[in-house]
Amino acid sequence: MSLAAYCVICCRRIGSFAPRSKSHTPWRNIRNIIRFTGSLIVGGSLFITYEVLALKKSLMLDTQVVEREKMKSYIYVHKAPVDRLDNRGIVWQARKELHRAVRKMLAAAAKVLRSPFADSFSTVDIEDHDCAVWLLLRKSREDNLAARLEAVREMSEAHHWHDYQYRIIAQACDPRTLIGLARSKESDLRFFLPPPPLPSLKEDSSTEEELRHLLASLPQTELDECLQYFTSLALSESSQSLAAQKGGLWCFGGNGLPYAESFGKVPSATVEMFCLEAIVKHSEIPSHCDHIEAGGGLQLLQRLYQLHKDCPKVQRNVMRIIGNMALNEHLHPAIVHSGWVSLMAEALKSSHIMEASHAARTLANLDRETVGEKYQDGVYVLHPQCRTSQPIKADVLFIHGLMGAAFKTWRQHDSQRALTESAVVDEDRYTTCWPKTWLAKDCPSLRIISVEYDTSLSDWRARCPMERKSIAFRSNELLSKLRAAGVGDRPMIWISHSMGGLLVKKMLLEASKKPELSPVINNTRGMIFYSVPHHGSRLAEYSVNIRYLLFPSLEVKELSKDSPALKTLQDDFLEFSKDKNFQVLNFVETQPTFIGSMIKLHVVPVESADLGIGDLIPVDVNHLNICKPKTKDAFLYQRTLQFICETLARDLEN
């Protein structure tokens, strides 16, 4: 209205002007016309601008609601208050429109110049501060492997983003990028969406019944005697009391340590544990993994994993199954879509070494971008467990002995735990696995692998009564798993305790007979033996209690001093080593070891630990603690570290 009134006044003023000299009238009329036209243009522009902004404000949508609907409620945008938006004024609105116009120009230029916004990202309407996120997403999808790895690295190092920006990556990235982020040490857990909702259980059904149904649906083909035993026992057990009838026969969790200490004790394992143990064995057969996935096993196992967060044994068995299934690349999409990558990424950051190592194995089997090896059940990488730019130049392999385990055998001396229980956790003061903490820090360019296998002192306490595994059988089994993990492709050192040293010698002898395994021999630089009974042990001759006296296991029988197999192994290895330049270091205990509560036994005498090659160093500890240094500065660890560095010096320098 004010604009119209102003125009009328101007017209009246033009009409009321008194006539003047004819020479000045035309110029004054032209000036008045220009003045009138300018006023009209300026006033009209201001009016139109005001109306456009008012209209835009009245039609503005709640973008938060739209984004939540588009992103399925996973993006949470922290929206500024309305009054703050109103106070930004015309300048802020103009800048926003200018930014939008610039982005459209970039998108148009991308089609011609093939800039990073090309392809699908050229149509994305994004804020200027989100450009870096979408550029990294675009880079992570390139055909060039180096560019993809660089994009994942940059994402993992981003710690300044808003929550919704992490969620954008989580929803828009492809599976290989997601796995790469999960294996990146510094990546934020906000990159990983929660697993999809689990399907409801059938009516009048329980997790235990579903697990037993899954086990019953698996094929009965390609089963050895032990797998048949596990399956039939798991299906027959229906209650804890029934399971207790055979509790003395079992141990669980893959650590070779028995649960039942006497026939009268009821084991802590439930029916789920029996079924899980059987499914672990089934998952070692590739064709059975397909049946586990088809039967909804990924979701059922996830339910168990979440229900038993306070039971590490259940969680470790579940992760063993997923890790075995991840060996089959055609199952990777199903594993990713079921949400297991998010769970493994969280477990990898756990302070518990066993939990983190199981997760690291699963993620390494899923990561085909940077990992060419495959880690079968019982083979665990202690370092590096994440993607790293540090070049790996050599391998160090740890092989435990009788009744040992991949992690607990290599823990620090237990007497130090009491000194640090009330103190802040410090891995330099106490560690549950010194190769994972101390050795990895001192030698970051090493790949450190620990191997696990099941052993027993007595057949009455064996995990499988039908199982009769000799040293020769176990050595072939372990050698096959280690070769699949790439052992032999780099220079390496073998570190073993007790019976594990006999397995190392047997593996090297078997590898020397097969041309395809010649890299294992050629790249072996040295060996460390912790109290290895090269000439036998008197363990089999002692009766700790009635169980050991009546039925010593095959492993114990092979360790006896008069064992022909042991003598043949020693003679063959000495002959084999004559023309090899192996560096050897032998440690031996000088203190007796308590076996049970009644017997003190010098498990490996000094004369038995003498291989005949390399140095022999007596240490004032017992058989269990010969491989457990008291501190990082202790002689045992420092001498071991010195041997590794000297033996691999040339390889680590190259």
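Predicted model, so just to flag it, every value in this text is computed and none were measured.
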Check whether any side-chain N or O of Ser480 sits under 3.5 Å from a backbone N or O of Glu477 as a donor-acceptor pair, and report yes or no. no

Should we say atom NZ of Lys185 is surrounded by more than 12 heavy atoms from elsewhere, each under 6.0 Å from it?
no

(message) Which label fits His291 and His288: parallel for a plane angle under 30°, tilted from 30 to 60°, or perpendicular past 60°?
(response) perpendicular

Carefully, step by step, assess Arg183 and Asp367 under the rule salt bridge (charged side-chain N to carboxylate O under 4.0 Å, His left out). CA-CA 8 Å; Arg183 294 198 68 235; Asp367 186 6; 2.8 Å; yes

Using a 3.5 Å distance criterion without hydrogens, assess whether the side chain of Lys139 forms a donor-acceptor pair with backbone atoms of Ala151. no

Between Arg387 and Thr370, the two heavy atoms sitting closest are NE-OG1, 3.5 Å

With a 3.5 Å cut-off and no angle check, do the side chains of Thr640 and Tyr530 form a donor-acceptor pair?
yes

query: Is there a side-chain contact between Leu193 and Gln171 (heavy atoms, below 4.5 Å)?
result: yes

message: Using a 3.5 Å distance criterion without hydrogens, assess whether the side chain of Thr524 forms a donor-acceptor pair with backbone atoms of Val520.
response: yes

message = Apply side chain to side chain contact (heavy atoms under 4.5 Å, CB included) to residues Val133 and Trp161 and explain how you reach the verdict.
response = CA-CA 9 Å; Val133 176; Trp161 288 350; 4.1 Å; yes

* To do: Indicate whether the side chain of Gln642 and that of Gln638 have a donor and an acceptor atom separated by less than 3.5 Å.
  => no

message: I'd like to know if the side chain of Arg361 and the backbone of Gln376 have a donor-acceptor N/O pair within less than 3.5 Å.
response: yes

message = Between Ile493 and Met527, is there a side-chain heavy-atom distance shorter than 4.5 Å?
response = no

Interatomic distance, CZ@Arg474 vs CE@Met499, rounded to 0.5 Å, equals 5.5 Å

To the nearest 0.5 Å, atom OH of Tyr637 lies from atom CH2 of Trp434 at 7.0 Å

task: May I ask you to check whether over 12 heavy atoms, not counting those of Glu346, lie within 6.0 Å of atom CD?
output: no

Mind checking whether Tyr380 and Phe407 have parallel, tilted or perpendicular rings, split at 30° and 60°? tilted

Exercise: do Gln385 and Ser357 side chains pair donor with acceptor under 3.5 Å
yes

So OG of Ser475 and CG of Leu508: to nearest 0.5 Å the spacing works out to 10.0 Å

Q. Does Lys628 use its side chain to pair, donor to acceptor, with the backbone of Thr409 at less than 3.5 Å?
A. yes

ask   = Which word best sums up how the rings of Trp340 and Tyr305 line up, parallel for under 30°, tilted for 30 to 60°, or perpendicular for over 60°?
value = perpendicular

Q. Have His330 and Asp290 got a donor and an acceptor in their side chains that come within less than 3.5 Å?
A. yes

Item to complete: State, without any angle test, whether Trp438 and Thr431 hold a side-chain donor-acceptor pair at a distance under 3.5 Å.
Response: no

Nearest heavy-atom approach of Gly339 to Gln302 is C-NE2, 4.3 Å

Interatomic distance, OG1@Thr437 vs NZ@Lys632, rounded to 0.5 Å, equals 7.5 Å

Sidechain-backbone polar pair: Thr388 side chain, Gln390 backbone, donor-acceptor under 3.5 Å
yes

Separation between CG (Leu517) and CG (Asn522), nearest 0.5 Å, reads 11.0 Å

| Do the non-hydrogen side-chain atoms of Arg320 and His358 ever get within less than 4.5 Å of each other? | yes

Smallest heavy-atom separation, Glu272 atom then Leu304 atom, equals CG-CD2, 4.0 Å

dist Asn324:CG -> Thr362:OG1 (nearest 0.5 Å) comes out at 8.5 Å

| query | Is any side-chain heavy atom of Pro195 closer than 4.5 Å to a side-chain heavy atom of Leu343? | reply | yes

### Message
Closer than 3.5 angstrom, by distance alone: can the side chain of Ser350 be matched with the main-chain N or O of His352 as a donor-acceptor pair?
### Response
yes

* To do: For residues His400 and Ser496, determine if any side-chain heavy atom of one lies less than 4.5 Å from a side-chain heavy atom of the other.
  => no

Checking Leu397, Ile495, Asp395, Leu382 against Ile448 for side chain to side chain contact (heavy atoms under 4.5 Å, CB included), the one that qualifies is Leu382

Scanning both residues in full, the closest heavy-atom pair of Ala170 with Arg190 reads CB-O, 4.2 Å

With side chains defined as the heavy atoms from C-beta onward, is the minimum distance between Leu276 and Leu301 less than 4.5 Å?
yes

- Query: With a 4.5 Å limit on heavy-atom distance, are the side chains of Met354 and Arg316 in contact?
  - Reply: yes

Closest heavy-atom pair, Ser450 versus Ala406, reported as atoms and distance to 0.1 Å, is OG-O, 2.6 Å

Quick check: does any side chain N or O of Arg303 sit under 3.5 Å from a backbone N or O of Pro199, one acting as donor and the other as acceptor?
yes

Minimum side-chain heavy-atom gap Arg490-Arg447 below 4.5 Å = yes

When every non-hydrogen atom of Ala182 is compared with those of Val341, the smallest separation belongs to CB-CG1, 3.8 Å

Under the side chain to side chain contact (heavy atoms under 4.5 Å, CB included) rule, what do Phe582 and Trp494 come out as? Steps first, then yes or no, please.
CA-CA 11 Å; Phe582 295 150; Trp494 303 82; over 6 Å; no

request  = Give a yes or no on whether the backbone of Ser187 and the side-chain of Lys349 come within a donor-acceptor separation of less than 3.5 Å.
outcome  = yes

Q) Hey, mind stepping through Phe529 and His497 against side chain to side chain contact (heavy atoms under 4.5 Å, CB included) and telling me if it holds? A) CA-CA 6 Å; Phe529 296 111; His497 174 238; over 6 Å; no

Query raised in the report: Would Asp174 and Arg148 pass as an ion pair if we require N to O under 4.0 Å?
Result: no

Any chance you could lay out the side chain to side chain contact (heavy atoms under 4.5 Å, CB included) test for His332 and Ile179, step after step, and finish with the verdict?
CA-CA 10 Å; His332 287 186; Ile179 294 169; 5.7 Å; no

Notebook entry, point to check: Okay, side chain of Ser156, backbone of Arg153: is any donor-acceptor separation there less than 3.5 Å?
Noted result: yes

